[in-house]
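Here's the structure we're looking at; comments come further down.
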Amino acid sequence: MGEGELPGLLVNEIGGKHGILHGHILAFLKKHFYLITMKEFLEDRKRMSKKVQAIYLWWHKPVIDQELLQSLPNLKVIANPGVGMDHLDLKLVARFGVKMANAPCAVSSSTADTGMALLLASARRLVEGYHIAMSSGMEYCETDFLGAEVTGATLGIIGMGSIGYKIALRAKAFKMNILYHNRTQRKEQEEQAVGTTYCEKIDGLLQRADFVMVVVSLTPQTHKLIGKREMELMKPTATLINISRGAAVDQEALVTALQTGVIRAAALDVTHPEPLPRDHTLLKLKNVIITPHLSIKTDKATYMITEEAVEKTY
C-alpha cells in the first residue's frame with residue numbers, strides 16, 4: 001500500500017543516528033502508515049504537509065515547534081514512544097488540537113530491569129572489576145577491593161508508579177528492606193505484596209536507605225529534586241541511582257557529594273544533557289557508572305513501545 005491509501009506518518013529518518021530502527025519496527029509502522037521522512041517533507045513541503053496525519057518521535061526527533069505544527073494542517077496525533085514527555089510543549093501541542101500518545105506500559109519492565117542492573121553493577125563495582133580483570137598486568141584482585149552487600153540492604157524508591165512498583169518486586173527477591181516516597185500512598189494490599197513501607201516525607205527515606213533510586217517524571221516540582229541538602233541526608237555509604245531524567249538530580253551537587261565522600265557512589269542511566277560533555281567531571285570519577293539511556297533499549301521493548309504508541313493514534 002502506498003501514500004494514497006494510508007495516513008502519512010512523519011518520522012525524523014529511517015535508521016541512522018536519530019532514526020527509527022530497521023527490521024520489524026519499520027515493517028510494523030509500514031503496515032499502518034505511509035512513512036514520510038523529514039528530508040522528504042522539507043524537500044516537498046507543499047505536497048507533503050497535507051499528507052501528514054501523525055508524527056512518530058524517536059529520541060525527541062523531529063523537534064516539535066510552532067513552525068512545524070503550523071505547517072501540518074491535517075495533523076491529528078503525535079506518538080511519543082516512552083513515558084516522559086518533558087521535552088514537549090504540551091500546551092502548544094494542545095492549542096493546535098493535536099492529541100498526544102505515549103507508551104507507559106511498554107517501557108516499565110525494561111526500565112525496572114535497568115534500575116536493578118545499575119544497582120547491582122554499582123554495589124559490586126562491576127565496571128571497575130572488569131577493567132582490573134582485563135588489564136595487562138592482572139595477577140590477582142586486591143583484598144580490599146570490596147563492594148556493598150545488596151541482600152538485606154535498604155532500598156529507597158522515590159516515585160512509586162508502574163516502574164517504581166516493578167523495581168520493588170525485583171528488590172523483594174533480593175530480600176531488601178524497601179521504602180518508598182510518592183505523592184500518594186499505594187493501597188495497603190499493594191504495599192504488602194512487595195513488602196514496602198511508605199515514607200510520607202522524603203527525608204526519612206534518604207536517611208535510612210543504602211540505595212536511593214529516583215524514578216519520577218520530570219516536572220517543575222521534581223526538577224533538581226535531589227540536591228545538596230538531600231544528598232547530605234543520605235548515608236556516606238549510600239548509592240544514588242537515577243533512571244528518571246537527568247535534571248531530577250542537581251549534577252553539580254552530585255559531583256561534590258561524590259568527590260567529598262558525602263555519598264559512596266552513583267549509577268546514572270540519565271544525565272543532563274545527554275550525552276554529557278566529554279570533559280564533564282562525572283565521566284572521570286571511579287565511583288560513578290553512567291549508561292547512555294539504556295532503559296528502553298531492548299528488542300522487545302522497542303517493538304512494544306512502537307505498538308502501544310501506534311495503537312493510541314487510532
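Small disclaimer: the values here were computed from a predicted structure and weren't measured.
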Completion exercise
So CD of Glu13 and OG1 of Thr37: to nearest 0.5 Å the spacing works out to 8.5 Å
Exercise for the section: Among residues two or more places apart or on two chains, list those pairs meeting ring pair (Phe, Tyr, Trp, His ring centres under 6.0 Å) that have a residue in residues 198-250. Expected result: Tyr180-Tyr198
Exercise for the section: Under the salt bridge (Lys or Arg N to Asp or Glu O under 4.0 Å) rule, collect the residues that match up with Arg186, sequence neighbours excluded. Expected result: Glu190
Practice task
State whether Arg170 and Asp113 are salt-bridged, where the test is any N-O pair (Lys NZ or Arg NE/NH1/NH2 against Asp/Glu carboxylate O) under 4.0 Å.
Solution key: yes
Problem - Cluster check Val215, Leu254: I/L/V/M/F/W/Y, side chain < 4.5 angstrom - result: no
Problem - same_hphob_cluster(Val98, Phe41) at 4.5 Å side-chain heavy-atom cutoff - result: yes
Problem - Sequence neighbours excluded - salt bridge (charged side-chain N to carboxylate O under 4.0 Å, His left out) pairs with any residue from residues 114-131 - result: Arg125-Glu128
Fill in the blank from the handout: Of all heavy-atom pairs linking Ala257 and Met231, the shortest is CB-SD, 3.7 Å
Problem - Distance in Å, Thr271 OG1 paired with Leu282 CG, rounded so as to fall on 0.5 Å steps - result: 8.5 Å
Problem - salt bridge (charged side-chain N to carboxylate O under 4.0 Å, His left out) contacts in which one or both residues fall within residues 195-220, not counting sequence neighbours - result: Asp203-Arg229, Asp210-Lys235
Handout entry: Fellow cluster residues of Tyr130, listed by chain then number, with links counted only when side-chain atoms sit under 4.5 Å apart
Key = Met134
Handout entry: Approximate separation, where rounding is to 0.5 Å, of Arg45 CZ and Met38 CE
Key = 7.0 Å
Exercise for the section: For residues 246-257, pull every pair meeting side chain to side chain donor-acceptor pair (under 3.5 Å), keeping only residues two or more places apart or in separate chains. Expected result: none
Fill in the blank from the handout: From the list Val93, Asn12, Ile78, side chain to side chain contact (heavy atoms under 4.5 Å, CB included) with Ile55 holds only for Ile78
Fill in the blank from the handout: Heavy atoms of Lys30 and Leu35 approach each other most closely as CG-CD1, 3.9 Å
Practice task
Give a yes or no answer on whether the side chain of Thr222 reaches the backbone of Leu225 with a donor-acceptor pair at less than 3.5 Å.
Solution key: no
Exercise for the section: Without swapping roles, check the side chain of Asn287 against the backbone of Arg264 for a donor-acceptor pair under 3.5 Å. Expected result: yes
Fill in the blank from the handout: Here the gap from His181 atom NE2 to Arg183 atom CZ, rounded to the nearest 0.5 Å, amounts to 10.0 Å
Practice task
Dump the intermediate steps for side-chain contact (heavy atoms from CB on, under 4.5 Å) on Gln259 and Leu285, then the final yes or no.
Solution key: CA-CA 8 Å; Gln259 289 176 324; Leu285 299 177; 4.0 Å; yes
Practice task
Find out whether Ser244 and Val214 are in side-chain contact, i.e. whether some heavy atom of one side chain is under 4.5 Å from a heavy atom of the other.
Solution key: yes
Completion exercise
Residues at least two apart in sequence or cross-chain that pass side chain to side chain donor-acceptor pair (under 3.5 Å) with Glu230, listed by chain then number, are none
Exercise for the section: Before giving the answer on side-chain contact (heavy atoms from CB on, under 4.5 Å), spell out for Leu119 and Ile167 the whole-Å C-alpha distance, their side-chain angles and the decisive distance to 0.1 Å. Expected result: CA-CA 11 Å; Leu119 186 156; Ile167 289 164; over 6 Å; no
Handout entry: Side chains of Leu57 and Leu88 in contact at under 4.5 Å (non-hydrogen atoms)
Key = yes
Practice task
Flag yes if more than 12 heavy atoms outside Glu188 fall under 6.0 Å of its CD atom; otherwise flag no.
Solution key: no
Handout entry: Short side-chain to backbone donor-acceptor contact, Ser71 and Leu68, under 3.5 Å
Key = yes
Practice task
Measure across Ala193 and Lys172 and return the closest heavy-atom pair with its distance rounded to 0.1 Å.
Solution key: O-NZ, 2.9 Å
Handout entry: Within residues 252-296 or reaching into it, pairs that qualify as ring pair (Phe, Tyr, Trp, His ring centres under 6.0 Å) - sequence neighbours excluded
Key = Trp59-His293
Handout entry: Single-linkage hydrophobic cluster, 4.5 Å side-chain cutoff, Val127 and Leu294 together
Key = no
Completion exercise
Between Thr114 and Ser295, the two heavy atoms sitting closest are OG1-CA, 3.4 Å
Fill in the blank from the handout: Hits for side chain to side chain donor-acceptor pair (under 3.5 Å) against Lys224, two or more places apart or cross-chain, chain-then-number order -> none
Handout entry: Ile226-Leu179 co-clustered via ILVMFWY side chain contacts under 4.5 Å
Key = yes
Handout entry: Listed partners of Lys228 passing salt bridge (Lys or Arg N to Asp or Glu O under 4.0 Å), at least two apart
Key = Glu232
Handout entry: Minimum heavy-atom distance Leu72-Leu10, with the two atoms named
Key = CD1-CD2, 4.3 Å
Exercise for the section: Spell out, as yes or no, whether a donor-acceptor pair under 3.5 Å connects the side chain of Asn74 to the backbone of Lys50. Expected result: yes
Exercise for the section: Please lay out, stage by stage, how Leu206 and Val212 fare under the test side-chain contact (heavy atoms from CB on, under 4.5 Å). Expected result: CA-CA 7 Å; Leu206 294 169; Val212 173; 4.0 Å; yes
Problem - Separation between CZ of Arg95 and CD of Gln66, rounded to the nearest 0.5 Å - result: 6.0 Å
Practice task
Using the salt bridge (charged side-chain N to carboxylate O under 4.0 Å, His left out) rule, collect all pairs that involve residues 274-291, keeping only residues at least two apart or in two chains.
Solution key: none
Which donor-acceptor pairs under 3.5 Å do the side chains of residues 146-160 make with protein atoms, sequence neighbours left out?
residue: Thr154; atom: OG1; partner: Asn177; partner atom: ND2; Å: 3.2

Problem - Distance (rounded to the nearest 0.5 Å) between Ile64 CD1 and Phe96 CZ - result: 11.0 Å
Practice task
Would you check if the side chain of Ser122 reaches a backbone N or O of Leu118 as a donor-acceptor pair within less than 3.5 Å?
Solution key: no
Handout entry: For Lys166 against Ala112, the heavy-atom pair lying closest together
Key = CB-CB, 3.8 Å
Exercise for the section: Find out if a path of hydrophobic residues (ILVMFWY) with successive side-chain heavy-atom gaps under 4.5 Å connects Ile263 to Val288. Expected result: yes
